[in-house]
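Since this is a predicted model, take the numbers as computed values, not measurements. Below, read A as the first sequence line, B as the second, and so on, with proteins coming before strands; counting in each chain starts at 1.
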Amino acid sequence: MTTANQLTPTACGTAACEARPMRSVLEPAADVVEKPDALHLVLDLPGVDQKGLEVSIEDHVLRIRGSVAETDTADARPAHREFEACDYERSFRLTPDLDESRIAASLKNGVLRLVLPKREEAKPRKISVAIE
Amino acid sequence: MWPVIQRTVWTVDPIEDAGRLFRDMNRLFDGYAVAPAQPALNVRADEQAADVTVALPGVDTKNIDLAVEDGVLTIKGERPAETLAEQDIQTRRERPSGRFERSIRLPFEVEAGKVTARYERGLLHIHLPRQEASKPRRIEITQIN
């Protein structure tokens with residue numbers, strides 16, 4: 001099975017980092033689960049809603065971009081800060097056995113789920129053998 | 001086989017490569033370490049209230065416990081792991097899962113009965129109004145000549 005190469009994270013999009021120097025760009029944590037008929041890619045994007053999310057495919061690279069709106073509306077002083085309004089960006093190289101035209105995405109509670117179906121010919125098949 | 005060839009193109013920069021290795025190693029141990037990663041949080045405070053924001057993507061609010069006691073806020077809960085069917089193979093596991101617990105000392109006494117919390121886009125916002133008695137007061141100075 002070609003599990004190791006099906007979703008290879010590519011290097012960080014440095015051009016995007018330079019374009020928005022004031023915001024940090026983080027790589028969101030991801031889980032990948034291979035099912036018999038599809039690959040499921042799950043990413044943590046806390047603070048991102050549908051408006052701030054962009055999923056695109058170009059040259060067999062799936063790119064996920066999410067931006068977090070500044071949630072702290074009050075001008076109260078930060079007493080303790082571990083994360084900030086940031087952008088998330090991560091790319092994955094897709095192998096040819098995935099059907100790029102049928103990728104489904106859903107975003108709920110800051111978690112993005114992408115279902116990448118395998119092409120028909122790449123799905124496991126059972127071949128019945130007649131026993132004589 | 002072309003993904004493998006592409007991969008070698010990406011890895012010409014040894015510094016970037018070392019950085020990626022370091023991140024991947026960290027993630028490897030994040031996912032499988034004994035203690036699950038603690039959720040990140042921010043605290044903002046002014047004279048009226050403290051606002052705590054906790055990054056908890058993909059959590060059912062039923063599985064989050066909040067408590068305030070003796071000026072300490074405790075957030076407890078559980079983040080679910082991906083449920084796998086028998087034929088499924090998890091090839092990458094970076095997202096933290098399992099039980100977590102965090103306590104932080106608040107910068108002042110709060111009205112425990114007036115604490116409110118809402119969960120939105122994977123962020124938990126906790127609003128903790130300051131106790132009236134602990135609010136800063138201006139003290140008039142009587143000048144005696």
Practice item. Find the distance between CD1 (B:I89) and NZ (A:K35) and round it off to the nearest 0.5 Å. Key: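 Between B:I89 CD1 and A:K35 NZ, I get 11.0 Å after rounding to 0.5 Å.
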| What is the distance from atom CG of B:D60 to atom CG of A:N109, rounded to the nearest 0.5 Å? |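 Spacing of CG (B:D60) from CG (A:N109) equals 8.5 Å.
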Common cluster, [X]/[Y], ILVMFWY with side-chain heavy-atom separation under 4.5 Å:
| X | Y | answer |
| --- | --- | --- |
| A:V115 | A:I64 | no |
| A:V111 | A:L116 | no |
| A:V32 | A:L98 | yes |

*Is it the backbone or the side chain of A:V42 that comes under 4.5 Å from a heavy atom of chain B, or both, or neither?*
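Contact with chain B: backbone and side chain both.
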Check whether more than 12 heavy atoms from other residues, nucleotides or ligands sit under 6.0 Å from atom NZ of B:K135, and answer yes or no. yes
Please state whether the side chain, the backbone, both or neither of B:V52 comes within less than 4.5 Å of a heavy atom of chain A.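 Neither part; nothing is under 4.5 Å.
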Bottom line for B:I104: the part with an atom under 4.5 Å from chain A's heavy atoms is neither
Would a 4.5 Å heavy-atom cut-off, applied to side chains only, mark A:V48 and B:P57 as touching? no
- request: May I ask you to test the B:R121-A:K108 pair for a side-chain heavy-atom distance under 4.5 Å?
  value: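 Answer no - side chains too far apart.
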Check: Hey, is A:E34 close enough to B:R92 for a salt bridge, meaning N to O under 4.0 Å?
Finding: no
Quick one: do B:R93 and A:D31 make a salt bridge, cutoff under 4.0 Å?
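Result for this pair is no, no salt bridge flagged.
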**Prompt:** So, the side chain of B:Q87 versus the backbone of A:P36: is there a donor-acceptor pair under 3.5 Å, distance only?
**Reply:**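 Not at all, since once roles are kept as given, no pair shorter than 3.5 Å links the two residues.
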| query | So which heavy atom on B:P96 is nearest to which on A:D44, and how close? | reply |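 Minimum heavy-atom separation between B:P96 and A:D44: CD-OD2, 3.9 Å.
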Practice prompt. For side chain to side chain contact (heavy atoms under 4.5 Å, CB included), just list the numbers for B:L84 and A:V33, CA-CA rounded to whole Å, side-chain angles, deciding distance to a tenth of an Å, and then say yes or no.
Written response: CA-CA 8 Å; B:L84 298 179; A:V33 176; 3.5 Å; yes
